[in-house]
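Chain naming here is simple, since letters A, B, ... match the order of the sequence lines and numbering starts at 1 in each.
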Protein chains: 2
Amino acid sequence: MVAERAGVSTATVSLVANGKASGRVSASNEILVREAIRELGYVVDSIGSSLARGVSNTVIMVAPDISNPFFAMVIAGVRAALGSEYQLLLSVTDAGQLPSAENTRRLLGLRPAGLLVDAPDPTFLQELSAPGPMVLLDAPGFGSDVPAVNLDVAQGALAIAAHLSATGHTTVAYLDGDTGTTTFDVRREAFLTAAEELGMSVPPEAQIATTINVGLAANAFATAWPSWKKAGVTAVVCATDTHAYGILQEARAAGILIPGELAVTGFDDLPYSTTSSPGLTSVHLPGELLGRRAAEQLLSLIAGEELEQQPITLESSLMVRGSTLEP
Amino acid sequence: MVAERAGVSTATVSLVANGKASGRVSASNEILVREAIRELGYVVDSIGSSLARGVSNTVIMVAPDISNPFFAMVIAGVRAALGSEYQLLLSVTDAGQLPSAENTRRLLGLRPAGLLVDAPDPTFLQELSAPGPMVLLDAPGFGSDVPAVNLDVAQGALAIAAHLSATGHTTVAYLDGDTGTTTFDVRREAFLTAAEELGMSVPPEAQIATTINVGLAANAFATAWPSWKKAGVTAVVCATDTHAYGILQEARAAGILIPGELAVTGFDDLPYSTTSSPGLTSVHLPGELLGRRAAEQLLSLIAGEELEQQPITLESSLMVRGSTLEP
DNA sequence: CTGAAAGCGCTTACAG
DNA sequence: CTGAAAGCGCTTACAG
């Protein structure tokens, strides 16, 4: 360690570099060390530090679906809560893949101070052992024994059902995501249940699923539309805004009137949903808050505190726009 | 190291765990070790490994602007080229911040096998010393001595100018990004130069800049439009599609006809540009290829190979849609 | 083919 | 207040 060329032992340097000098290092030595550090441009090697300490100062966030602009909001929230003490590193899964235990275990080798896992695979917890501080995001159905921050998407699904019912729809279609994310199951089941209670029908042939991709959603819709039309479908509920954009696009190309012939709704309330034509009725999900709360929980965990009341659930709200309501 | 409870020395275990056993470990011992590894669920501690070896098997990508869906394509390309040998970790800068040398230096403590830096600050290289394998993405103007993969945005800017000129525009506005990214400078300068050569004017008051955000772009446009109109502006060139969406949104709200009263163009060719109404004329940038080529270069660097011909520049192309052309 | 040993760069009791 | 020393979990020459 070069820094000690300025007179003292590595122990003293370590104390100063880690801000643990007060009361344990003489003022004169501290100054000497600081000067040496500056002159040599020394940066604590976090590998060595992590090895000695047992943990790194890295928080790793595992997430699928980074292409979703919604995700950027979540990240912003995480960063805001984490501050500068911890370094946030993102581990992205391949497109359409959920974070797996296998994957995450490799990350554990980096000795993260904590783990944030977004939309994990349902079997995730059973497979991953000895995790250390970990908070799940957007992971409904993992029970109350594991720290998690969820979005109340069911509430949003109910709001959609109520809104469609109130605007006179009786037969609706459902365009699902096919990534297997649990939140999609919750969205769908909540909607189907509410729809049934409200007397709306969702014919089996009007329940399809595609990857979260505008083009693929457009294609799927183009193929399905004739049979939907025959079945009397007048509205389609999409699992994400991205799916809905596909429908908007295809509908324009095919001359299908939105919302006259077909009303369309989404989930996420992405920025583009205000811009699209017509504007997209969508369930607004508080992404920034989701990230912030999850990071706060993780910080508590890292500090060794007990968490109360799990999981935390964040409310959603329906933004009604032109895709379901004639201006 | 618990794994050696199955009979051999740590050296032997290390050899097996790293796949260096062939010819150096007896078959019987190898089997023993593999069994022990499986039974104990042993994972090589990458911290210890990295410390001993000098480098980790982590490739760190530093990037701003993760909210840009374009970025997801870049990531996909990087992952595809990197394969499974290296773990990709993303370090995101705060919104509107470029990757700084300061920031990156901290990351170096993790001993990455290599660094991928997207849209760095212009002073980046001077400030960052002793980098190890590193490839820049989308970093025009860093000279030919540093490995980089760039997008030929200037070419796209020329295409826009030519297209607008050909469709009869003589006075145009420019809505820039204000993050200081070099690529924005290149886009703007290339366009302004080409516009001048083609006899189009871009009045000073019609050159404004905002953050990459639909809402902010919309506001800026709303404020600027009266004076633009007075100056005879009939087209606006936006530094990103996101800016353009803001204009589309505000124009619809204000009843400004696109492209009749105002033609609009963007850069990036995001998926939503096909969906928007009207479709957005935009410069298509090959994001997936950008990521792939950059990762390939990095892999060569890590393998100790010499790179030829730097920087690599990827071609762009103009996608003409309804925002500049009446159907 | 195999194991004992040194060493990677740090941190943290522990003596002094 | 300070330094010598042990130890974090690995890898890699080096003897045998």
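- Between the P atom of dC10(D) and the CG atom of Leu108(A) lies a distance of 13 Å, rounded to the nearest Å.
- Listed pair Ser49(B) / dC10(D) fails the phosphate criterion, with no side-chain N or O lying under 4.0 Å from OP1 or OP2.
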Show the distances under 3.5 angstrom between N or O atoms of the protein and N or O atoms of nucleotides 2-4 of chain D.
residue : atom : partner  : partner atom : Å
dT2(D)  : OP1  : Ser26(A) : OG           : 2.8
dT2(D)  : OP1  : Asn29(A) : ND2          : 2.4
dT2(D)  : OP2  : Ser26(A) : N            : 2.7
dT2(D)  : OP2  : Ser26(A) : OG           : 3.2
dT2(D)  : OP2  : Asn29(A) : ND2          : 3.3
dG3(D)  : OP2  : Ser9(A)  : N            : 3.2
dG3(D)  : OP2  : Ser9(A)  : OG           : 3.4
dG3(D)  : OP2  : Thr12(A) : OG1          : 3.1

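- Regarding Arg53(A), its CZ atom lies at a distance of 16 Å from the P atom of dC8(D), rounded to whole Å.
- Atom C1' of nucleotide dT12(D) and atom CG of Leu51(B) are separated by 13 Å, given to the nearest angstrom.
- With the 3.5 Å cutoff on both pairing distances, Watson-Crick and G-U pairs in DNA chain D assemble into runs of at least 3 at C:1-3 with D:14-16, C:5-12 with D:5-12, C:14-16 with D:1-3.
- Residues Val92(B) and Met61(B) have side chains not in contact (no heavy-atom distance under 4.5 Å, counting atoms from C-beta outward).
- Distance, Asn57(A) CG to dT11(C) C1': 14 Å, rounded to whole Å.
- Of the inter-residue distances, the one linking Ile47(B) atom CD1 with Thr58(A) atom OG1 reads 7.5 Å to the nearest 0.5 angstrom.
- In this structure, the separation between CD on Gln297(A) and CD on Glu308(A) is 8.5 Å, given to the nearest 0.5 Å.
- Checked for salt-bridge contact, Arg187(A) and Asp152(A) miss the test: no charged N lies under 4.0 Å from a carboxylate O.
- Contact check for Val149(B) versus Thr313(B): no side-chain heavy atoms found under the 4.5 Å cut-off.
- Judged by distance alone, the side chains of Thr183(A) and Thr181(A) never bring a donor and an acceptor atom under 3.5 Å apart.
- Remark: C1' of dT11(C) and OH of Tyr42(A) are 11 Å apart, rounded to the nearest angstrom.
- Put simply, CG on Leu151(B) and CD1 on Ile312(B) are 11.5 Å apart, with the number rounded to the nearest 0.5 Å.
- Checked for salt-bridge contact, Glu296(B) and Arg293(B) meet the test: a charged N lies under 4.0 Å from a carboxylate O.
- Taken to the nearest 0.5 Å, the CG atom of Leu90(B) stands 9.5 Å off from the CG atom of Asp118(B).
- Rounded to a whole Å, the CG atom of Asp45(A) is 12 Å from the P atom of dC8(C).
- At least one side-chain nitrogen or oxygen of Lys20(B) sits closer than 4.0 Å to the OP1 or OP2 atom of dT12(D).
- As a whole-Å value, the separation of Arg111(A) CZ from dT11(C) C1' is 13 Å.
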